[in-house]
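Only one structure is covered here, and it is reproduced in the block below.
Remember, it's 1-based here, ligands and their atoms both numbered in the order they're listed.
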Amino acid sequence: MEFFDLHCDTAYECAVRGGGTGLREGARHLSLDRGQYLENWTQVFAVFMPDEYRGARAIRHYERVRDYLYRQESLLPGRLEILRDAASFSGSRAECRAVLSVEGGSALAGDPERLRALYDDGVRLITLTWNAPNELGDGVLSEEGRGLTEAGRAVVRGMNRLGMAVDVSHLSDAGFRDVADISEIPFIASHSDARSLCGNPRNLTDGMIREIAGRGGLIGLNFHAAFLRDGGQATAADILRHAEHMLALGCGKALCLGSDFDGCDLPCGMTGIESAGALYEDFLRENYSEDLVRDIFSRNARRYFAKYIFKD
Ligand SMILES: [Zn+2]
């Protein structure tokens with residue numbers, strides 16, 4: 001089974017909280033050992049930026065998590081490779097092909113000129129905000145709910161130019177509108193579910209879902225229990241419920257996975273990367289065609305990244 005996941009916080013957890021045996025093995029949601037059964041595994045690893053870090057402290061934090069991943073890459077040749085160009089995207093034979101992302105534009109410390117440095121580091125996706133306001137715009141839990149700042153607009157344009165995926169997960173609704181107005185390249189919601197099924201503001205309205213899909217962007221289904229249902233215990237069946245809803249809104253070529261491994265509370269019955277195989281079987285049991293399930297589990301994301309991010 002091929003697997004492409006648009007979001008996990010595992011690198012951040014390993015780098016900052018430490019303990020255990022890191023990325024290779026260990027008891028977190030995701031480890032290379034427990035993901036070995038996956039074929040053609042591409043994993044976006046986010047540098048999660050805590051909202052209280054700004055300026056030089058934010059940069060130091062970003063570099064710490066980035067360096068952790070670099071170190072793992074050199075310690076685990078053949079097992080982990082950070083993708084940087086079209087050749088490695090299509091040619092890497094590593095067990096886990098990593099895409100570096102930043103969750104929180106505070107890593108730019110307010111300076112759109114820093115985009116180039118992040119790009120050179122290998123960052124290919126930026127989630128513009130976390131939940132609070134930052135230099136680029138307001139997150140979804142900010143009281144004012146403002147859109148993008150001037151710096152935020154400059155960053156979206158700069159990301160378009162460089163070929164980096166603009167991610168609206170965590171962004172305020174006004175920010176979403178601004179990205180939709182500015183971005184000339186299809187944008188993505190790396191780890192968000194459907195708000196009409198679960199009212200959490202981190203989820204996307206039906207209008208947003210249609211807009212992302214209609215433009216050729218991506219939406220990664222988030223496994224976080226609190227985003228899957230408003231009350232009661234979430235299960236894997238709720239992930240299918242959100243998938244069904246998005247497919248009905250025209251997401252056949254936009255729907256992907258954005259597990260949020262090591263940044264979420266998993267639904268009852270799921271334990272981590274090893275649960276992806278059972279989820280795949282769940283989709284097939286719901287009478288989705290194998291073609292569609294393969295699109296959701298890897299090919300939609302693969303097509304997008306080949307077309308817009310890792311291009312020659
Ligand atoms: Zn997140």
Q) Should Phe283 and Phe297 be marked as a ring-ring contact (aromatic ring centres under 6.0 Å, His included) after you check the CA-CA gap, both sets of side-chain angles, and the distance that decides it? A) CA-CA 10 Å; Phe283 271 87; Phe297 276 67; 5.5 Å; yes
Q) Do you know the tightest heavy-atom contact between Leu136 and Leu128? A) CD1-O, 3.8 Å
(Q) When you measure from the centre of the six-membered ring of Phe89, is the NZ or CZ of Arg302 closer than 6.0 Å and no more than 45° off the axis? (A) yes
Q: Using a cut-off of strictly less than 2.8 Å, determine whether Asp260 has an N/O/S atom near the Zn ion (ligand 1).
A: no
Q | Contact flag His7/the Zn ion (ligand 1), N/O/S atoms, threshold under 2.8 Å | A | no
Q | Heteroatom of Glu103 nearest to the Zn ion (ligand 1) (N, O or S, atom name) | A | OE2
Q) Got a salt bridge between Arg28 and Asp262, using NZ or NE/NH1/NH2 to carboxylate O under 4.0 Å? A) no
